Amino acid sequence: MKKARDLHLLLKTIRRSSTTTTPKMDPSDRYCFSPILRWNPEVENYFIKAYGADHFSIISKALTRPSSYSCVRVNTLKSTSDAVIEKLLEIIKEKGFDGDCHGKEGSGPNENVGSPLEESLKNGPIVKCQIPGLEYVLFVKGSGPHMIDYGYVPGAPPKEVIVSRKCAEAVLRGAQVFVPGVMACSAHVEKGDTVAVSAATEQCNPNGGWAIGITRGTVLQGLQTDPYYFERNGLYIGQGTATMSRAGLFRASKGIAVDMNNRVFRLPSFYDVLEGEIFLQNLPSIVTAHALDPQKGERILDMCAAPGGKTTAIAILMKDEGELVALDRSHNKVQDIQKLAAEMSLTCITTYKLDVLKAIRQRNEADDINTNQSSNSLRFHEEKASSSTAEGFNLDKTCEDNVSNAIENGGTYVSKADIRKAKRRMRNGPGRNQCIGGRVENSKGFYPDSFDRVLLDAPCSALGLRPRLFVGEVTIDSLKKHATYQRRMFDQAVKLVRPGGVIVYSTCTINPGENEALVRYALDTYKFLSLASQVSSSFLPLTTNFTSQA
Ligand SMILES: C[S@@+](CC[C@H](N)C(=O)[O-])C[C@H]1O[C@@H](n2cnc3c(N)ncnc32)[C@H](O)[C@@H]1O
């Protein structure tokens, strides 16, 4: 009962705050980009306590903007940074994919102004990361915020397209407006018309929840009587050319709807660019893989791996030698990891579908009799061979060793069926999972102490991912739930890493409850864990390294 009342009070508070924060402005001033994130008041207070009001206000504003550069990781197994720079410069020359400047630079704060990166990007559109060991990371210059003249004339507002919030966030990162993202459009828009594009963000509905209140297909007049007219003040993300008529926009099922040629933020699009040679990835994610410091020949676990950004970064750092087990609980997402690994020609990655909360495989008595052995690597092989899930993404690579190791070792039992299976696999060549769209295998889990290094890139509240135009759905309760879940996952990581091994824990959120508090929990709960220094002290990621001395 009490819970229900608390919830009611909380929702009331949200509703009140949402109406008071809607800014009213002159019609000509609304065509700009100056979003204000609306937080649940309790969450806002919590962050203000954690960061201080001024710092949190800077964070909150920065969250609404994309980074002013794109970060690209070079697949050093296929190319070099210099070769990629040369190719990208050629593409920029041909296609101008960093965007021409149509508008004036805005005066809004830019987090990189005056930074060493900003300075070096003045000398050219692409620079190599200066941090030792990270020379395979390239920064490609973007720009913004730009002020755009939408051509507002009193009484004759510009033609408009409203896109969903998710579509708008993608556009701010450099994407085009695709058909499914279009929510509403002015009457009489024809192919080739210039349109002002704005974002529909979630609004508080009468039940206290949040929803995008605009019905798909709504006709806009550009007048104050339009639905969510005031709510879209300051949410204009640029101008583009409609690629089809209004009717076409709502009839088509896919394709580009608006070619965004005059953007508030101009970031290069890497769609279809140097596939397999480069990977677009945020710097902290690259640093996370680096902090794990993976070594050739090791056995490494990536617990929450999909879509595989960090998995592939780790595989490249291992020089594709050793075994990298990549887990995710979602079947489709495991396929994404497989696709990415295949695209980057990485073979040391073995993928499984597994809920990592059930990642520990219990050793039964039969196992104990059969695995009376000291060699860790042999134990790993045996664990795989005895598993019904033995056909991982790259299992074939090691199956010959599995069988011969086991036989040489005398005392280790490998069933005839396993040997037959392994031979069949050797005869038939690469497993069917070594191709795009391969089968996703379930796993029974792994024995304790199985891995040299473990990455736990935990699901989190993602309050560090930007740009974000809406955070109203985040509650104290949802933040707490993330923290509880992460602790349970961490407990599994501790069991799976071998004594002396390394765990890297990372999130993409600013919530101290999911970051610093987890570190506190880890050190208080597992006295044999200690914080390890990272490979480079110049990093400032949301990652924490632990070593296990148990
Ligand atoms: C932050 S994302 C991982 C991103 C990934 N490491 C990368 O860099 O590309 C978190 C992932 O954890 C997965 N996940 C959530 N709960 C899980 C569980 N209990 N077991 C396994 N995976 C889980 C989600 O499906 C999601 O793909």
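Remember, it's 1-based here, ligands and their atoms both numbered in the order they're listed. In this text, all values refer to a predicted model and were calculated from it rather than measured experimentally.
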*Provide, to 0.1 Å, the distance between atom 20 (N) of ligand 1 and the closest protein heavy atom, together with that atom's residue and name.*
Val356 N, 2.9 Å
*asked:* Test of understanding: with side-chain hydrogen bond (donor to acceptor under 3.5 Å, both in side chains), list the residues that count as partners of Lys87, not counting sequence neighbours.
replied: Glu277
*Select the closest option to atom 9 (O) of ligand 1 among Ser285, Ala462, Gly309, judged by heavy-atom distance.*
Gly309
_Nitrogen or oxygen of Ala458 less than 3.5 angstrom from that of ligand 1_ = no
*Which residue holds the protein heavy atom closest to atom 6 (N) of ligand 1, what is that atom called, and what is the gap in Å?*
Asp457 OD2, 2.7 Å
*asked:* As an exercise, identify every atom of ligand 1 less than 4.0 angstrom from a heavy atom of Lys333.
replied: 24 (C), 25 (O), 26 (C), 27 (O)
*Can you tell me which residue and heavy atom of the protein come closest to atom 22 (N) of ligand 1, and the distance to 0.1 Å?*
Arg329 N, 3.2 Å
*Determine, using heavy atoms of Gln281 and all atoms of ligand 1, whether some pair is separated by less than 4.0 Å.*
no
*Can you pull out the closest protein heavy atom to atom 8 (O) of ligand 1? Residue, atom name and distance to 0.1 Å, please.*
Lys310 NZ, 3.0 Å
*Could you list which atoms of ligand 1 come closer than 4.0 Å to a heavy atom of Met489?*
16 (N), 17 (C), 18 (C), 19 (N)
*Could you check atom 4 (C) of ligand 1 against the protein and tell me its nearest heavy-atom contact, residue, atom and distance included?*
Ala306 O, 3.0 Å
_atom 11 (C) of ligand 1 - nearest protein heavy atom and its distance_ = Asp328 OD2, 3.6 Å
*In chain order, what residues pass the side-chain hydrogen bond (donor to acceptor under 3.5 Å, both in side chains) check against Tyr485, with sequence neighbours excluded?*
Arg329
*Looking at Leu354, which atoms of ligand 1 are within less than 4.0 Å of one of its heavy atoms?*
20 (N), 21 (C)
_Sidechain N-carboxylate O distance under 4.0 Å for Asp491, Lys495_ = no
*Any donor-acceptor N or O pair under 3.5 Å, side chains Thr509, Asn515*: no
*For ligand 1, is there an atom lying under 4.0 Å from some heavy atom of Leu327?*
no
*Check step by step if salt bridge (Lys or Arg N to Asp or Glu O under 4.0 Å) holds for Glu323 and Arg299.*
CA-CA 5 Å; Glu323 190 190 2; Arg299 192 183 199 220; 3.0 Å; yes
*Between Glu514 and Ser461, does any side-chain donor sit less than 3.5 Å from a side-chain acceptor?*
yes
*Would you call Glu169-Arg65 a salt bridge at under 4.0 Å N-O?*
no
*Can you list the steps and then say if Asn75 with Tyr136 is a side chain to side chain donor-acceptor pair (under 3.5 Å)?*
CA-CA 8 Å; Asn75 181 352; Tyr136 61 95; over 6 Å; no
*Using a strict cut-off of 4.0 Å, indicate which atoms of ligand 1 neighbour a heavy atom of Tyr485.*
16 (N), 17 (C), 18 (C), 19 (N)
*May I ask you to check whether over 12 heavy atoms, not counting those of Arg216, lie within 6.0 Å of atom CZ?*
yes
*For atom 12 (O) of ligand 1, closest protein heavy-atom neighbour*: Cys304 CB, 3.2 Å
*Between Thr288 and Asp457, does a side chain to side chain donor-acceptor pair (under 3.5 Å) hold up when you go through it step by step?*
CA-CA 9 Å; Thr288 303; Asp457 185 33; 5.8 Å; no
*Counting both backbone and side chain atoms, is some N or O of Leu357 under 3.5 Å from an N or O of ligand 1?*
no
*Between OH of Tyr352 and CD of Glu441, what distance do you get to the nearest 0.5 Å?*
7.5 Å
*Contact between Ala305 and ligand 1, counting heavy atoms under 4.0 Å?*
yes
*To which protein heavy atom is atom 15 (C) of ligand 1 closest, and what is the distance rounded to 0.1 Å?*
Pro459 CG, 3.5 Å
*For side chain to side chain contact (heavy atoms under 4.5 Å, CB included), just list the numbers for Phe56 and Glu44, CA-CA rounded to whole Å, side-chain angles, deciding distance to a tenth of an Å, and then say yes or no.*
CA-CA 9 Å; Phe56 182 60; Glu44 189 165 26; 4.0 Å; yes
*For Asp355, atoms of ligand 1 separated by under 4.0 Å from a heavy atom*: 18 (C), 19 (N), 20 (N)
